[in-house]
Asks: 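Below is one structure. I have some questions about it.
Scope of the values below: all heavy atoms of this structure, side chains included, with no hydrogens, waters or symmetry mates. As the structure is a prediction and not an experimental result, all values here were calculated from the model.
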Amino acid sequence: MEKLYDKTLEELHSLLVSKEITAADLTQATLDRIKETEPTVDSFITLVEEKALAQAKAIDEKGIAEDNVLAGIPIGIKDNIVTKGILTTAASKILSNFEPIYDATVMDKLYQADMIPVGKLNMDEFAMGGSTETSYFKKTKNAWDHTKVPGGSSGGSAAAVAAGQVPVSLGSDTGGSIRQPASFNGIVGMKPTYGRVSRFGLIAFASSLDQIGPMTRTVKDNALALEAISGFDEKDGTSSGISVPDFTEGMTGDVKGMKIALPKEYLGEGVQPGVKEAVLKAAETFKALGATVEEVSLPHSKYGVAVYYIIASSEASSNLQRFDGIRYGYRSENVKNLEDVYVNSRSEGFGTEVKRRIMLGTFSLSAGYYDAYFKKAGQVRTMIRQDFDKVFNEYDLIIGPASPTVAFGLGENINDPITMYMSDILTIPVNLAGLPGMSVPAGFSEGLPVGLQIIGKHFDEATMYKAAYAFEQATDFHKKMPVILGGDAE
Amino acid sequence: MNFETVIGLEVHVELKTNSKIFSPAPAHFGAEPNSNTNVIDWGYPGVLPVMNKTALEFGMKAALALNCEISKDTHFDRKNYFYPDNPKAYQISQFDQPIGHDGWIEIEVEGKKKKIRIERVHLEEDAGKNMHGKGGYSYVDLNRQGTPLIEIVSEADMRSPEEAYAYLEALRSIIQFTEVSDVKMEEGSMRCDANISLRPYGQEEFGTKTELKNLNSMSFVKKGLAFEEKRQAKVLLSGGEIQQETRRFDETTNKTILMRVKEGSSDYRYFPEPDIPRFVIDDEWIARIKTTLPELPAARRTRYVQELGLPEYDAKVLTLTKEMSDFFEETLAAGADAKQASNWLMGEVSAYLNSEKLELTKTKLTPDNLAGMIQLIADGTISSKIAKKVFRELIENGGDAKEVVEAKGLVQLSDPAQLLPIINEILDNNQQSIEDFKNGKDRAVGFLVGQIMKATKGKANPAIVNKLLQEELAKR
């Protein structure tokens with residue numbers, strides 16, 4: 001059998017429909033590839049071999065629907081998405097024994113589309129981090145260079161796709177956690193508009209910022225996956241009733257007349273020269289395709305990180321209170337009274353970065369500080385959003401780097417939270433404004449992938465995909481795959 | 001020195017929606033602990049609250065009934081604190097934009113009417129229940145978690161335990177009429193915490209207040225406040241200072257007992273609930289809810305007194321519940337006299353409901369058959385004594401009053417042609433009584449009437465009997 005791990009969804013679908021391979025074959029091949037590459041990449045916390053193979057068998061019996069590109073396709077799920085009967089840990093000790101009794105809404109949708117979850121992917125603990133190094137279980141490696149971080153918090157989701165372990169994975173993004181790891185691993189990652197995808201079953205980090213999104217190697221695959229998980233959910237009061245279009249419709253390669261903005265604040269100090277160069281080249285590519293690219297300003301960008309860390313930490317400090325050792329999860333054994341149960345379970349169960357953010361958030365909400373921190377951050381958030389509104393009055397899309405740097409070394413920044421936080425500076429404002437943002441492969445610097453971030457208007461993922469597809473087809477970055485130690489026979 | 005008592009009350013009312021305020025689990029109490037719960041109530045990772053629109057509208061209805069302004073722009077807030085019966089470790093409540101504000105109700109104490117202002121009415125979810133059991137373990141039942149509540153906070157306008165009692169009665173009655181809650185303190189669908197302080201007459205500043213909890217009935221509220229009033233006066237008169245305390249009422253001794261000293265207020269780190277979008281309430285929505293409000297107790301009482309000529313007392317008792325008041329009005333609509341209907345409802349009907357522990361709507365008595373029975377008394381077909389038998393039959397087995405009377409042969413004997421022979425026979429057999437009567441012993445008449453009633457098995461019309469008896473006695 002030819003290798004399947006570098007095929008697109010449409011290519012795999014074609015093989016399944018023609019019965020050259022069965023869903024069981026594909027799932028088995030996926031599991032084999034994962035086993036070969038895990039010693040190097042280490043992206044999975046949990047694998048569900050038996051369940052996946054049983055599901056594949058059932059799908060084969062049912063038959064692959066010709067009009068469903070996703071039928072029989074294996075998928076990896078970030079471990080902060082609740083999966084019934086499958087260990088869900090959020091990469092934390094405090095949930096290390098947690099087996100949920102219900103499925104997230106996105107899981108229902110995947111099962112409905114006959115997709116086959118093969119395992120739960122590693123991440124920063126409770127999605128708090130930019131390198132997947134705060135995980136309680138393991139440190140995932142960048143698929144291109146195993147001494148580098150895969151980015152975070154969806155590091156496992158990104159590395160697994162880049163390494164050809166799965167053709168598609170789900171990640172989550174609160175301040176850049178899909179786009180930055182996608183950028184570090186040279187793949188496509190989309191954070192949809194806030195409200196596009198249901199958050200029911202996503203273990204909450206920052207309720208007003210979190211979104212689930214797909215990670216794939218090609219733009220088209222990404223659009224197909226997003227369509228499957230999008231839509232109004234009555235279980236999520238913040239989900240939108242806006243209709244879900246065919247996101248692939250505009251993928252003609254034609255972007256003539258498209259008006260693209262490039263904020264000057266996005267190519268300033270702190271952006272590595274190689275990254276800047278790749279982005280400027282991308283701008284030229286768009287121009288050559290007939291789009292216009294002009295410089296604009298988003299003056300309040302520089303407040304984004306401060307605003308984000310106050311709001312996200314405040315919401316998180318409240319969302320993580322439920323992990324109290326009483327009803328589920330880790331409960332400390334050395335306890336003498338109720339307060340011990342709370343204090344010791346949480347002190348022992350949470351990692352350092354999580355505790356740091358809980359304290360930050362608790363402080364920002366506390367009496368006497370609420371106005372100066374949380375309330376003020378909310379007001380500046382509105383100003384950041386207004387910057388985007390102004391630009392989108394005249395432009396269709398905004399582009400820039402997804403991250404100021406390429407992937408840094410494992411252990412390099414983990415003890416320097418501020419530097420770690422700054423790597424989100426380009427992605428954070430997008431979450432604050434609720435806008436959709438994606439990263440597409442835009443080249444290499446020092447041998448490591450560079451991602452181009454494309455930002456669209458609210459609920460206009462279709463235009464983003466249109467531009468991303470044209471760019472992808474005009475370049476060959478998406479055709480490159482890393483060589484994985486142990487995973488590539490040649 | 002004389003002290004003025006200052007009282008404010010916080011009342012929690014459970015809304016009787018089918019499902020909980022933020023989850024689809026049933027909002028009724030299952031006998032089995034944790035049987036009416038789902039993952040949302042448990043505060044499982046990944047769950048989200050979704051607004052129960054009926055709870056919101058019930059809250060608006062109650063606020064309107066209490067004469068509140070409705071907040072046109074409102075939202076929920078998280079109140080953060082750790083406790084085992086609080087699974088998310090935050091309660092979804094309302095902090096700075098309560099659904100209703102600046103309302104009032106009117107109370108009456110010893111003939112004097114007074115307006116008590118209501119500061120706010122807000123929506124929130126109830127917590128679960130902790131039970132402390134054997135072996136040093138505590139048990140958590142989350143059936144109650146997520147039940148919709150409204151919290152009604154009064155201004156500190158009450159000046160005596162009697163006013164507090166009157167406020168609770170009036171409040172309970174108004175809410176009961178809106179049908180958004182059963183408001184039964186004994187069942188927990190209405191709960192009251194009280195705040196009380198004293199100040200010298202003429203002083204504008206409030207004195208230090210204490211908070212009273214565990215007040216499980218309106219009468220205990222009154223008793224608790226009465227005790228606390230005296231306790232605080234004693235402390236102040238002896239030169240001491242009132243400590244800010246939370247005290248619980250002890251039902252066996254009728255005293256308040258220290259629970260804990262309040263050291264400043266807790267910091268709940270309130271912030272707007274991000275999982276539930278803000279609400280904009282337009283005039284049209286408010287108007288629509290207003291049309292669902294029934295005529296409220298105060299208005300009905302006024303109407304009963306002024307238009308129907310009933311005494312104030314009757315009006316008050318009849319409007320204690322909407323069921324009773326509606327039943328009364330339907331009985332009138334079926335043709336009954338207002339005072340008669342009132343007497344029966346306040347008397348025999350209420351006594352029956354209390355002794356059998358039933359609700360009016362669960363009996364077989366209907367406005368039609370009650371009106372029918374009252375009519376039979378009015379036209380002399382039955383005496384009021386006989387009516388008690390008829391009433392019993394109607395309330396237990398239902399039916400038509402006239403048919404019951406005929407079936408049981410209870411028609412009153414009023415025909416002189418039938419009564420005279422009996423009267424005369426009794427007189428013939430009771431010469432001594434006739435003698436006694438002629439000698440001025442009026443009691444003899446009563447004896448003779450009794451004998452006549454006995455002979456007619458109670459069916460004789462007492463008024464007619466009396467009249468005819470007097471006539472026959474005069475002849476002898």
Asks: Below 4.5 Å from any heavy atom of chain B, which atoms of Thr88(A) appear? Answer side chain, backbone, both or neither.
Replies: neither
Asks: Show your working on side-chain contact (heavy atoms from CB on, under 4.5 Å) between Ile40(B) and Lys235(A) and close with a plain yes or no.
Replies: CA-CA 10 Å; Ile40(B) 299 169; Lys235(A) 294 190 230 162; over 6 Å; no
Asks: Is it true that, when you exclude Lys262(B) itself, more than 12 heavy atoms of the residues, nucleotides or ligands shown sit nearer than 6.0 Å to its NZ?
Replies: no
Asks: If you count every heavy atom of other residues, nucleotides or ligands that lies below 6.0 Å from Tyr369(A) atom OH, does the total exceed 12?
Replies: no
Asks: Which atoms of Asn319(A) come close to chain B, meaning under 4.5 Å heavy atom to heavy atom: side chain ones, backbone ones, both, or neither?
Replies: both
Asks: Can you give me the closest heavy-atom contact between Pro87(B) and Asp324(A), atom names plus distance?
Replies: O-OD2, 4.5 Å
Asks: Taking atom CD1 of Ile326(A) and atom CH2 of Trp42(B), what is their separation to the nearest 0.5 Å?
Replies: 11.0 Å
Asks: Determine whether the side chains of Ser366(A) and Asp267(B) contain a donor N or O and an acceptor N or O closer than 3.5 Å.
Replies: no
Asks: Is chain A contacted by the side chain of Tyr44(B), its backbone, both, or neither, given a heavy-atom distance below 4.5 Å?
Replies: both
Asks: Select one option (side chain, backbone, both, neither) describing which atoms of Ala104(A) are under 4.5 Å from chain B's heavy atoms.
Replies: neither
Asks: Taking everything shown except Glu234(A) itself, do over 12 heavy atoms lie less than 6.0 Å from its CD?
Replies: no
Asks: At a heavy-atom separation under 4.5 Å, does Leu338(A) approach chain B through its side chain, its backbone, both, or neither?
Replies: side chain
Asks: Can you tell me how far apart CD (Gln321(A)) and CZ (Arg78(B)) are? Round to the nearest 0.5 Å.
Replies: 8.5 Å
Asks: Go through Phe271(B) and Ser314(A) one step at a time and tell me if the side-chain contact (heavy atoms from CB on, under 4.5 Å) criterion holds.
Replies: CA-CA 9 Å; Phe271(B) 71 100; Ser314(A) 298; 5.9 Å; no
Asks: When Pro45(B) is tested against each of Ile203(A), Ile94(A), Thr89(A) for side-chain contact (heavy atoms from CB on, under 4.5 Å), which residue passes?
Replies: Ile203(A)
Asks: Should the heavy atoms of other residues, nucleotides or ligands under 6.0 Å from NZ of Lys209(B) be counted, would the total exceed 12?
Replies: no
Asks: For chain B, find which of Ala90(A), Ser208(A), Gly201(A), Ser364(A) contributes the most heavy-atom pairs closer than 4.5 angstrom.
Replies: Gly201(A)
Asks: Quick check: are there more than 12 heavy atoms from other residues, nucleotides or ligands sitting under 6.0 Å from CD of Glu333(A)?
Replies: no
Asks: Does any backbone or side-chain atom of Val39(B) lie under 4.5 Å from a heavy atom of chain A? Answer side chain, backbone, both or neither.
Replies: side chain
Asks: If you count heavy-atom pairs under 4.5 Å between each of Pro277(B), Pro274(B), Ser138(B) and chain A, which one has the most?
Replies: Pro274(B)
Asks: Looking at Ala89(B), Gly46(B), Pro84(B), which makes the most heavy-atom pairs under 4.5 Å with chain A?
Replies: Gly46(B)
Asks: Is it true that atom OH of Tyr342(A) has more than 12 heavy atoms of other residues, nucleotides or ligands lying nearer than 6.0 Å?
Replies: yes
Asks: Output the distance between atom NZ (Lys88(B)) and atom OG (Ser318(A)), rounded to the nearest 0.5 Å.
Replies: 9.5 Å
Asks: With a cut-off of 6.0 Å (strictly less than), are more than 12 heavy atoms of other residues, nucleotides or ligands near NZ of Lys93(A)?
Replies: yes
Asks: State the OH-CZ distance between Tyr90(B) and Arg322(A), to the nearest 0.5 angstrom.
Replies: 4.5 Å
Asks: Check Pro272(B) against Tyr370(A) and note the closest heavy-atom contact, atom names and distance.
Replies: CD-OH, 3.5 Å
Asks: Arg327(A) and Val140(B): side-chain contact (heavy atoms from CB on, under 4.5 Å), yes or no, with the steps?
Replies: CA-CA 10 Å; Arg327(A) 286 147 292 116; Val140(B) 182; over 6 Å; no
Asks: Against chain B, work out which of Ser317(A), Ser207(A), Pro100(A) has the most heavy-atom pairs shorter than 4.5 Å and name it.
Replies: Ser207(A)
Asks: Chain A: which of Asn86(B), Val50(B), Asp275(B), Ile276(B) shares the most heavy-atom pairs with it under 4.5 Å?
Replies: Asp275(B)
Asks: Determine whether more than 12 heavy atoms belonging to other residues, nucleotides or ligands lie under 6.0 Å from atom OH of Tyr83(B).
Replies: no
Asks: For Phe200(A), is it the side chain, the backbone, both, or neither that has a heavy atom closer than 4.5 Å to a heavy atom of chain B?
Replies: both
Asks: Rounded to the nearest 0.5 Å, what separates atom CG in Asp233(A) from atom CG in Leu48(B)?
Replies: 8.5 Å
